[in-house]
Amino acid sequence: MTADAGYPTPPHFRKPLIDTPFHDRARALSQNDQFVAWAGYSTVDVFTTVEQEYFAIRNAATLYDLTPMVKYRVAGRDAERYINRLVTRDIRKLKVGRVSYVVWCNDEGHIIDDGTVFRLSETDYRICTAERQLDWFLDSAIGFDVAVEEITASVAALSLQGPTSAYVLKKFGLSGIESLKPFEFRIFEAEGRSLMVSRTGFTGDLGYELWMAPQHATAVWDDLMQAGRSRGIRAIGSQALNLARIEAGFLMPNVDFISAEHTVRMHRERTPLELGLAWLVDFDKPHFNGRRALQKQKAAGLQRMLVGLDIDGNKPAHNALLYANPTDETECGFVTSAMWSPTCKRNIALAILDTPHFEMGRRVHADIYLHRELVWERRMVTATVVERPFFAPERRRLTPPADR
Amino acid sequence: MNRAWDTIIVGAGHNGLVCAQMLASAGQSVLVLEAGAEVGGFAAPREFAPGFRASIAAQYLHQFSDALLRSLQLERHGLRFAATGLATTVLASGRHVRIAGDHVDGVSAEEATRWQQLDTRLARFAKFMATVQSTMAPRLGSSDFQDRWTLLKMGLRLRLLGRREMREFLRIAGMNVYDLATDELEDPLLQAALGMDAILGSNFGPRAPGTVLTLLTRRAGEATTTGGYRLPIGGLGAFAQALASAATAAGATVRTDAPVAGIVIENDEVRGVDLANGERLSAARVVSSVDPRQTFLSLLGTEHLDTGFVRRVDHFRHRGITAKWHLALDALPTFTGLPSAQLGDRLVVAPSLNYLETAYNASKYGEVSVLPALEISIPTVHDRTLAPAGGHVLTAIVNYAAYDAKDDLGTAREKLEANALAVLESVAPGIRSLIRSSELLLPMDLERICRVTGGHWHHGDLAFDQYLMVRPFPGAAQYQTPIRGLYLCGAGSHPGGGLTGLPGRLAAEQIQRTAP
């Protein structure tokens, strides 16, 4: 791999975590110095308070530094065939200028990671992933005329999410942005800088992701902040985003599932079918990694599945074990993500449940532990299997979005 | 597409032909497609000079079991032997040692006894190994009855060696041949003879781990026949011809000059093959005797396979470092101190284990051996059909030549040929003046001529991580592949290379057990 151009990298032993191109701006806005490590970068966990940032996602506009998202360029004559064999969806259906959410599996059909694929041209793609995948991507390239290159550091990225985000972008100067449909992207050229904008995000709300060269990063940040001032724009950290994504029913790698390449124990891997992502698996397309194993699993039936839970009461069921019967305490699953949803006014969770408990409408019991002034208290409450997402406002799809 | 054939076999090497004969005998319609003009693969005939014939790589038939020979009725199909039970003579300048089974001449009485004891023990282990080699490798952790039964039988047979011998087997099985030979023997020529048998054809020097395993697999093949080192009349090409004739008589069709361009897959199932000339042939199944790398990466294509599987294909070690040398001689040569009655022996030039190890070093660094080791055969001592009147054929296996040579092919060839000739002259002075024509085939030449990736005798190293239930690699180890209807039957599969016919036989049995 070539060293990432764009901005200087200090020796890793002096600075184990790299600053993103937005670091100076983030540092200036951070009130409590809550930075966390994300894929080798230092990013903000909370700027002010989680609540303030969360409500900005649902009621105004928010800026989130997405630079550490791992990015690959996949280009070459066989790029389409290569990605089609790599991921479970039929990528031949992805048109130039569009984005697709995908997962990829190993031979056993176990998920390695999820991500998004951008089709830049007939033969040029960008894949954004949670974890570094170069080893798997390169080995998958054997026999294909395709070049795979990591471009993480040469592309700075921002996520602009919230009901006023379309207005902010218009004010920022992107004329015609209102016609951009969900999972579409467009490249805007202005003042000598090129800005790729995709209508994508991790909040389940109206929102966009902006991709640019690192040297334009601070200028874009400043201009967006300026453009969004009258619409309550605010920088947010990872914690607030995590709340929004649970409401949207999105999965977080290493929280709701662990990459099959990282699991050590038996049965800790997950297939897309088990994560409720059967809609991402296209058995009608040509061969893809894990196809034969997934077909077998589909025929045999699922032993466990990830579902949404609606839990009684208002205490988040963090890491709760789930029981079929509250008295005999035979486990039938566990919670992977949980929160009290302020927008839905529901106590929600994502959970893995054993068969047959994952059927829609079924009731299980959540064993919730509460730490109250150094004392652990326990609540056994009823939880119902419900549909995901928990929150899916019309505005996330509306084109053109409301001009407000 | 209607199915024209029950089975299409890609490659008419000896394993492909054995497989064809067996499937055709079982009533299948079988088509064998050979890319070259001749059948036989590494045993195919080669006229390397006008009127002078040899086989491309193999020199002796010494691992082909009597049982298989009988069941294929090869003698009815023209197989005759010019010589059987040939002794091995190990040469160094001025001295030689002659080995005939457990008997050895040319060493002290004590050393001869030590040899006898070692040979007897190795023969016992080889007999056990022969049962392992002639059975389909079981899958581990499988609940299949056949797998469990095979494993149980293997364990039982091992235990039946007796407590002491079982322990001895387990002690030496993972060792290197250098340690075994120097532990058990004192005579450097005898030690080298053992070392030579362990490294022939593989990417190993005598100190490489697992070289006792390679020695035992070779001996296991030899334990299945009473014929010893044999020379078919007309060379090994005649053996290949007899196999083709047996397959044809059983109802199979053998087509030469028919290179396969690709295997046709529809709905994740094999449908047939595409020939290089554009012809499409349909079949219910395709059996590849081609090496695993070529089968999966070229004929099939990675788009039909999972990445993890392709990784294993890519990591399969398959670089040959064994060269073959063909000399057309005007007369029989004279070897210093060797009675002319022994000229027909299997002649090994390897004075010591360190000589072998030093020769091997070169191949590690992209070079050819300065002092190569030779396994020489002068088949015309026994079989006059191989050369014009008065002339003689001398062929030799030359160790070692790096597959990824630093020099260009021509230079590497010239260097190794000069080095081999210098070594040959040191034991047979004056032989240079007898040479009418000389041809040296490097691993890369064997790769090109025989279409075997790496030019490797065994299609891939015989090592613990590429042996038995993990040969060639997990997911393709029981002659089956991830693709329904695609099978393997070549040397890349258990138990590996050498003219044993076993991968072909075991594949045919597996196909009959599992075929849809």
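The structure displayed is predicted, hence computed values, not measured ones. Residue numbering restarts at 1 for every chain, and letters A, B, ... go by the order of the sequence lines.
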The single option from B:Arg319, B:Arg471, B:His456 passing side chain to side chain donor-acceptor pair (under 3.5 Å) against B:Asp461: B:His456
Proximity breakdown for A:Asp284 and chain B, heavy-atom pairs closer than 4.5 Å: neither
NZ (A:Lys298) with more than 12 external heavy atoms under 6.0 Å: no
Aromatic centroids of B:Tyr487 and B:Tyr479 separated by under 6.0 Å: no
Closest-packed option against chain A by number of heavy-atom pairs under 4.5 Å, given B:Val313, B:Ile265, B:Asp268, B:Asp314: B:Asp268
Heavy-atom pair count under 4.5 Å with chain B, highest-scoring of A:Phe144, A:Trp136, A:Tyr82: A:Trp136
A:Asn106 portion near chain B, given a 4.5 angstrom heavy-atom threshold: neither
Pair A:Tyr101-A:Thr200, side-chain hydrogen bond (donor to acceptor under 3.5 Å, both in side chains): steps then yes or no: CA-CA 10 Å; A:Tyr101 171 65; A:Thr200 48; over 6 Å; no
Residue, of B:Leu297, B:Asn267, B:Leu305, that accumulates the most heavy atom pairs under 4.5 Å with chain A: B:Leu305
Chain B contact via A:Phe288 - which portion, at a heavy-atom distance below 4.5 Å: backbone
Ring geometry between B:Phe464 and B:Tyr467 (parallel below 30°, tilted from 30 to 60°, perpendicular above 60°): perpendicular
